[in-house]
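Please find one structure pasted underneath; my questions will follow.
The shown structure was predicted, so the numbers you read here are calculated from the model rather than taken from an experiment.
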Amino acid sequence: RAPSGGTGGAAGGAPAMPLASPLMGGLNKKKKPFLGVPAPLGYVPGLGRGATGFTTRSDIGPARDANDPVDDRHAPPGKRTVGDQMKKNQDDDDEDLNDTNYDEFNGYAGSLFSSGPYEKDDEEADAIYAALDKRMDERRKERRELREKEEIEKYRMERPKIQQQFSDLKRKLAEVTQDEWLSIPEVGDARNKRQRNPRHEKLTPVPDSFFAKHLQTGENHTSVDPLQGQFSGLATPFPGGLNTPYPGGMTPEAGELDMRKIGQARNTLMDMRLSQVSDSVSGQTVVDPKGYLTDLNSMIPTHGGDISDIKKARLLLKSVRETNPHHPPAWIASARLEEVTGKLQVARNLIMKGTEMCPKSEDVWLEAARLQPGDTAKAVVAQAVRHLPQSVRIYISAAELETDIRAKKRVLRKALENVSKSVRLWKIAVELEEPEDARIMLSRAVECCPTSVELWLALARLETYENARRVLNKARENIPTDRHIWITAAKLEEANGNTQMVEKIIDRAITSLRANGVEINREQWIQDAEECDKAGSVATCQAVIRAVIGIGIEEEDCKHTWMEDADSCVAHGALECARAIYAHALQVFPSKKSVWLRAAYFEKNHGTRESLEALLQRAVAHCPKAEVLWLMGAKSKWLAGDVPAARSILALAFQANPNSEEIWLAAVKLESENNEYERARRLLAKARSSAPTARVFMKSVRLEWVLGNIEAAQELCTEALKHYEDFPKLWMMRGQIEEQSENIDKAREAYNQGLKKCPHSMSLWLLLSRLEERVGQLTRARAILEKARLKNPQTPEIWLESVRLEYRAGLKNIANTLMAKALQECPNSGILWAEAVFLEARPQRKTKSVDALKKCEHDPHVLLAVAKLFWSERKITKAREWFLRTVKIEPDLGDAWAFFYKFELQHGTEEQQQEVKKRCENAEPRHGELWCAESKHVLNWQKNIGEILVLVALKIKNTF
């Protein structure tokens, strides 16, 4: 039945014809316009008044399965079934225009026209929109990226990654050994300790006496023991506790304990254990019997060892004894086994049986003597002597058993009657005697043992001078191939004042030893000379050095080898040997300036002032053109306070080296340091006229500047620049004088003129940049450094100043960027790495320092940075070690000494502070950024090294 307004076929064809009524026909005779006309597309009858038609199977055709083929025979591969067609229709209609997918601001989530055709004008429009988006994005990109970078850096500073915090520890993992790695416990096991660490139950065998005792205690007593009543249960009737009330060792029949069965069970267990260690195929034992004999202690280290191992060893050793009863190690090992298990008497019995079976074995007798108590041991040794009358070890053992000195002497004398050729026995016997008796004994000893050098030398020491000479002559006749006798003879002559004989004896020694076919080993003789030096025999030591120093060396290698030998002797503390080597080298090479210099530095460090001056006098006589030797002599006199002598040395130096710049300037320094300013001025004026050099002019300007004569200094500077305009220090001084007078424009002009003439002077660039920074021209300072970097590529000093400039201006990000660029350009610069360490945040500093050390392992600036890092972390000992390493590797770096001194002022004792100060004064540092700023300041021109050290240390602030 169809609802009102339509029939069953309403949805498909023409509208239904209403039933004609005679009344209606009468009223409206005109025909309706829609009658017989096809329905418009999509028309549903009755839809306007809310009626909806339904479809039947005849409208849509028969039902089909998804796998049924379509009507089109020639359909393409993806559309040959009904299911494929339906899927395609769904894909085409995938735009979701539902209300849930609509947003008031953005519209539909998908494209409304995605199903429509994509034409050329669509493509053009999309390209325009994309270009607009890109342009808008680029306008904000730089600001956005900068903001994001700042936010990330801030976040990383506040909350560094765990990876960064543990990077130094991860690096240390490379040092972890395999054993340490395997011993790291596993984590995350929530079971209890017993489950986590399962252990085998330890079963301790219980002694029979324990069972016997407890069987007795379990018995019920029905009557009172008469002994208990007699002794009230407290006192025992058997004093000493050694006797038992049951004769024959029987136990009372309290319980049914069968001892025989326990013994059988033990034997069965032993058999099982032995069968486990034996080879199941051939029946051969896999226990090494030699191991038991030779290394018994390692097998049973303590008395508390495993009982089965002890029994196993006992059984094996018994087997060895029975198969080869004349094998001494078997008896010794058996005795030691019993000893370590606590059965001392059994051990003694075994070793005594061993002495019967092996009466000619020294080791068995010695072991027997060791195991036996005092008197018995003596008896054993006496028995051993009867069997082995020539054994030295047995006699020594007998002497050691005696406690009385006289008894010891008696034993040793008896021994020497039987074994008169034993050097060991003679030495032990002589040690026990008084000097006089020892001399008599030694005279007999050398007759019995004429080839023992030690006995001859010992006798010579105890004899008088004349007799000692005779003894040593006899010794030389008996042992013509030993050098020690000759050296002792030389020492003897030196000790008695015959120093002229020492040289002859050593020369004769070399000749005699060569004649007897002995090879002269140069190293051994030098070692003997060092021993003579340490013993105080200076003449002998020098004679030995002179005799052997040239042996076995090629002529062209002499100088190099001798200098190495001298350094080696100094390292071993044999200063006289080193002095002798230098003296010999100077005789061979009297005109070699380098040898004189080495000898002079040796005397300066290890000799006296007199010895240094004497050497320098000889040096300038042989090398009058060596200015440095004249200057060292003058300085030595000046430091000693003898200014006239220093002047006379410099006057002689002028005669030898007329117009020498170094000597002129040394003379000027001598006068100015001793407040003779007029003399210094006259000397400089004379030097400018006779030997005008840039340095002479510079010193002239400097003298006037420090004395406060600014006008004179400026005039001299102008005059100097006419002659030496390419000398950067003159431009620097000119600029600094103007800067000191607050003439900023003139100072800037001086620096700029200087840079035109000397564009590769780093100091000039830095001074100009700092001047601009001081007057607030930060941009100009930055530009100057940029220009400096272009003209002088790969210059760490300029890069460092650029980084510091940004850091002082508060632009830390730019400073870090510049530092990264600097390290790319100068990857092996120590000053840059040292600065980079402290640019990092505290957690990353350690990692950066490790990277710095990898790149510049021996750079003093990096070592100093590491020392400061440890100081900042309050690791005092490590910091001190690194400071010491820094000043050792580069003693000329004043900054390192200043930081070290500041460190000791805060954390060291008074002695440590003075030690650093003293070492700094000896090193005389000349370089270092902070050091030069103070040492070259006009107000500090007369201050010594120690005073400058204190000033620099005061300027240092612990900001790192």
Side-chain angles (χ1 to χ4, degrees), residues 168 171-172 175 570-571 605 796-797 800 803-804 828-936 940 943-960:
D168 54 330
R171 198 176 273 108
K172 283 184 185 172
E175 300 164 19
V570 170
N605 293 328
E797 292 81 7
L800 182 65
V803 171
R804 286 180 176 169
N828 298 317
S829 166
I831 51 172
L832 286 176
W833 278 107
E835 188 74 15
V837 170
F838 290 99
L839 275 181
E840 294 288 334
R842 276 189 183 273
Q844 280 83 48
R845 282 181 185 177
K846 200 169 184 182
T847 311
K848 199 73 171 179
S849 69
V850 172
D851 295 338
L853 283 169
K854 278 183 185 172
K855 285 282 185 185
C856 318
E857 191 179 353
H858 301 296
D859 190 284
H861 295 93
V862 172
L863 296 178
L864 180 61
V866 174
K868 285 154 67 179
L869 185 63
F870 282 125
W871 183 8
S872 68
E873 293 172 355
R874 297 293 177 269
K875 292 178 180 173
I876 305 304
T877 312
K878 276 194 175 180
R880 187 174 282 117
E881 281 174 19
W882 282 87
F883 276 124
L884 285 166
R885 201 177 294 181
T886 309
V887 296
K888 186 180 180 183
I889 213 165
E890 183 53 277
D892 191 46
L893 185 64
D895 289 7
W897 288 108
F899 275 105
F900 193 10
Y901 185 65
K902 177 83 173 181
F903 169 79
E904 293 296 0
L905 284 175
Q906 289 186 3
H907 303 287
T909 60
E910 185 74 31
E911 292 81 22
Q912 287 169 324
Q913 292 160 18
Q914 292 307 316
E915 174 69 18
V916 171
K917 197 171 183 180
K918 187 181 173 187
R919 284 181 63 188
C920 177
E921 286 168 351
N922 291 338
E924 296 183 2
R926 289 279 176 272
H927 295 92
E929 191 180 356
L930 301 171
W931 184 269
C932 290
E934 291 301 321
S935 64
K936 295 191 176 182
N940 303 332
K943 287 189 166 51
N944 59 30
I945 299 283
E947 291 168 334
I948 291 168
L949 179 71
V950 174
L951 279 172
V952 179
L954 284 172
K955 290 279 171 76
I956 293 169
K957 300 283 183 279
N958 292 35
T959 51
F960 41 85

>> I need the minimum non-hydrogen distance between N940 and E934, along with the two atoms involved.
In response: ND2-O, 2.9 Å
> Any side-chain heavy-atom pair from L863 and L853 closer than 4.5 angstrom?
Replying inline: yes
>> Just so I know, are the side chains of V950 and Y901 near enough to count as touching, which here means a heavy-atom distance under 4.5 Å?
In response: yes
> Which atoms form the tightest heavy-atom contact between P925 and C920, and what is the distance?
Replying inline: CD-O, 3.3 Å
>> If you define the side chain from C-beta out and look only at heavy atoms, does anything of E797 sit under 4.5 Å from L800?
In response: no
> If you measure from the Lys or Arg side-chain nitrogens to the Asp or Glu carboxylate oxygens, is any gap between D851 and R171 under 4.0 Å?
Replying inline: yes
> Say you draw a straight line from OG of S849 to CD of Q844; how long is it, rounded to the nearest 0.5 Å?
Replying inline: 12.0 Å
>> Please verify the inter-ring angle class for F900 with F883; under 30° counts as parallel, over 60° as perpendicular, anything in between as tilted.
In response: parallel
>> Quick check for you: to the nearest 0.5 Å, what is the distance between F903 atom CZ and L905 atom CG?
In response: 11.0 Å
> Name the one of K902, E921, K917, K943 that satisfies side-chain contact (heavy atoms from CB on, under 4.5 Å) with L949?
Replying inline: K917
> Has the side chain of E947 got a donor or acceptor atom that lies under 3.5 Å from a matching backbone atom of N944?
Replying inline: yes
>> Side chains of W833 and D859, heavy atoms from C-beta outward: is any pair under 4.5 Å?
In response: no
>> With rounding to the nearest 0.5 angstrom, report the NZ to OG distance, K855 to S829.
In response: 12.0 Å
> Could you give the distance from NZ (K848) to CZ (F838), rounded to the nearest 0.5 Å?
Replying inline: 13.0 Å
>> Using every non-hydrogen atom in the two residues, find where A867 and A879 come nearest and quote the distance to one decimal.
In response: O-CB, 3.7 Å
Let me check something: any side-chain donor-acceptor pairs from residues 891-898 under 3.5 Å, sequence neighbours excluded? List them with distances.
from	atom 1	to	atom 2	distance (Å)
D892	OD1	R926	N	3.0
D892	OD2	H927	ND1	2.4
D895	OD1	L930	N	3.1
D895	OD1	W931	N	2.9
D895	OD2	E929	N	3.0
D895	OD2	L930	N	3.2
W897	NE1	P891	O	2.8

>> I'd like to know if the side chain of Q912 reaches the main chain of T909, judged simply by a donor and an acceptor atom lying under 3.5 Å from each other, with no hydrogens or angles considered.
In response: yes
>> Quick one, E881 and F870 - any side-chain contact, counting heavy atoms below 4.5 Å?
In response: no
> Using 4.0 Å as the upper bound for N to carboxylate O, is an ion pair formed by E904 and R880?
Replying inline: yes
>> Would you compute the distance between atom CG of L951 and atom OG of S935 and round it to the nearest 0.5 angstrom?
In response: 10.5 Å
> To the nearest 0.5 Å, how far apart are CD1 in I889 and CG in L864?
Replying inline: 12.0 Å
> Shortest non-hydrogen contact from T886 to P860?
Replying inline: CG2-O, 3.4 Å
> Side chains of R845 and R842: closer than 4.5 Å at any heavy-atom pair?
Replying inline: yes
